[in-house]
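Letters go in sequence order (proteins before strands), and every chain restarts at 1. This one's a predicted model, so the numbers in the text were calculated from it and none came from an experiment.
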2 protein chains.
Amino acid sequence: MHSFTEENYLKAIYKLQEANGLVVATSALAQVLEVHAPSVTDMLKRMAGKKLVTYQKSKGVKLTEKGRQVAVGIIRNHRLWEVFLVDKLGYKWDEVHDLAEQLEHIHSEDLTNKLDMFLGFPKADPHGDPIPDANGVLPKSKAVLLSTLKMGERGTFTGVTDHTPAFLNYLDKSGISLGNSIKVKAIEEFDQTYTIQLKDKKDTVISYKVANSLLVNKAEAA
Amino acid sequence: MHSFTEENYLKAIYKLQEANGLVVATSALAQVLEVHAPSVTDMLKRMAGKKLVTYQKSKGVKLTEKGRQVAVGIIRNHRLWEVFLVDKLGYKWDEVHDLAEQLEHIHSEDLTNKLDMFLGFPKADPHGDPIPDANGVLPKSKAVLLSTLKMGERGTFTGVTDHTPAFLNYLDKSGISLGNSIKVKAIEEFDQTYTIQLKDKKDTVISYKVANSLLVNKAEAA
DNA sequence: TTAATTAATTAGGTTAATCTAATTTATTTT
DNA sequence: AAAATAAATTAGATTAACCTAATTAATTAA
């Protein structure tokens, strides 16, 4: 079995690879894992020895297929436990991340699958992030940033790109919840402030920063 | 926070203290933790430094109050997770131990308490072992071994002292389940084999070994 | 394209948790 | 009580995961 540390490296590499391209830099890993660069170099060598990553000196790392499987498995665990915490235990969506960081390392495929069933095979976690299936397949999402919509366009709010409690709380406070349909009423040219209309609600003004952190499934043009 | 290793030592010391008396021997710990004696000596010194145990060279260890609190907290976690696994995920009582050994180390009192509530504040785990409350108080049980009952006496089966899957499976196979009322119909003098009557069932013959691994709440004499 | 800057690696250490082999301390047995 | 046995400790190593300081490699700027 893999250590928690290895699993955290794998997850971090996976996420950086998704976000920024093929190869991941030592410094990027050091930053997200909150360790110093030489520790990363060290660890990557060990992980390369276990065929979890391909590592080329001073060139960065990539996951091997084996590494990707492990990484996706952990993400699956994480997101399922988040659903459990919110749906079953009554946690709020901004409270579950740290607990899920612990729970994701429980080693049992069987438990994961039983949990999945218990939760009713959810397709996304409380933040709208897709849950990989038992084979490690992630549903391809067609969601786009709200900030890419033009005047008059509509969509359904399906996820966030900023997972900080601060941002999630802001959304709660503003009455913006997953599943809401949103229409762009106006975009201020000067500072790209968005005026949006939430289903059955009066218009709300959000900053570009916010619009750029919300994922929506764009409604088909009528 | 304490490491998983420390927590496992604390739990082991707690259980040995309960079972065998005040002070726990290095060798006993080495055996249950499946490590070698010098590792135990080493660890005990470090734990004594953290005031989790009182350790006297060559004299054995005891938990401090602080150590006891941590140990009982872990046992609380363990047993609550076992209830979760059986009641919510559909595991059998002989399958949950190893998973609970992992889950017990999730660090969050709040999670433990929310889980407790979600499960309906169970008083015992699937094997009948009592669950400590949020203050670390364990309900005192008056259960006795079935092997201490005399001819004609009755009781309710409330727990086991042998938690091995093999034994638990044997009980399943024999139709002996937690909560069953049991009456001693006969005790064979020669080998102490018990003939017992299960509620609504025909008589069953069990060995002394089995009778000595079953806990019952003795019925008051009418 | 050389110089300056930034990123990554090597070298050498630390800590927790383990090990084996050797020694010391306790407990039994004669 | 001395000898034999068993239990515990010390001594010295190992491994994973981290660190700082020094060096080398890669990138960017002049």
Tell me, please, which residues at least two apart from [X] pass side chain to side chain donor-acceptor pair (under 3.5 Å).
{"X": "B:T112", "value": "B:N77"}
{"X": "A:K11", "value": "A:E101, A:E104"}
{"X": "A:N169", "value": "A:D94"}

Residue pairs, two or more places apart or on separate chains, that pass ring-ring contact (aromatic ring centres under 6.0 Å, His included) and touch residues 4-59 of chain A: A:F4-A:H105, A:F4-B:F4
Tell me which nucleotide, if any, is Watson-Crick or G-U wobble paired with D:dA30 when both distances must be under 3.5 Å. C:dT1
With B for base contact, S for sugar-phosphate-only contact and - for none (protein heavy atoms under 4.0 Å), nucleotides 2-17 of chain C reads -----SSBB-----SB
Counting just side-chain N and O atoms, does B:H36 come under 4.0 Å of either OP1 or OP2 of C:dT20?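 So the side-chain polar atoms of B:H36 do come within 4.0 Å of the phosphate oxygens OP1 or OP2 of C:dT20, strictly under.
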Gap between atoms NE2 and C1', on A:H2 and D:dA17 respectively (whole Å):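 The distance from NE2 of A:H2 to C1' of D:dA17 comes to 17 Å, rounded to the nearest Å.
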Side-chain donor-acceptor pairs of residues 135-147 of chain A under 3.5 Å, sequence neighbours excluded:
from: A:S141; atom 1: OG; to: A:A143; atom 2: N; distance (Å): 2.9
from: A:S147; atom 1: OG; to: A:N212; atom 2: OD1; distance (Å): 2.7

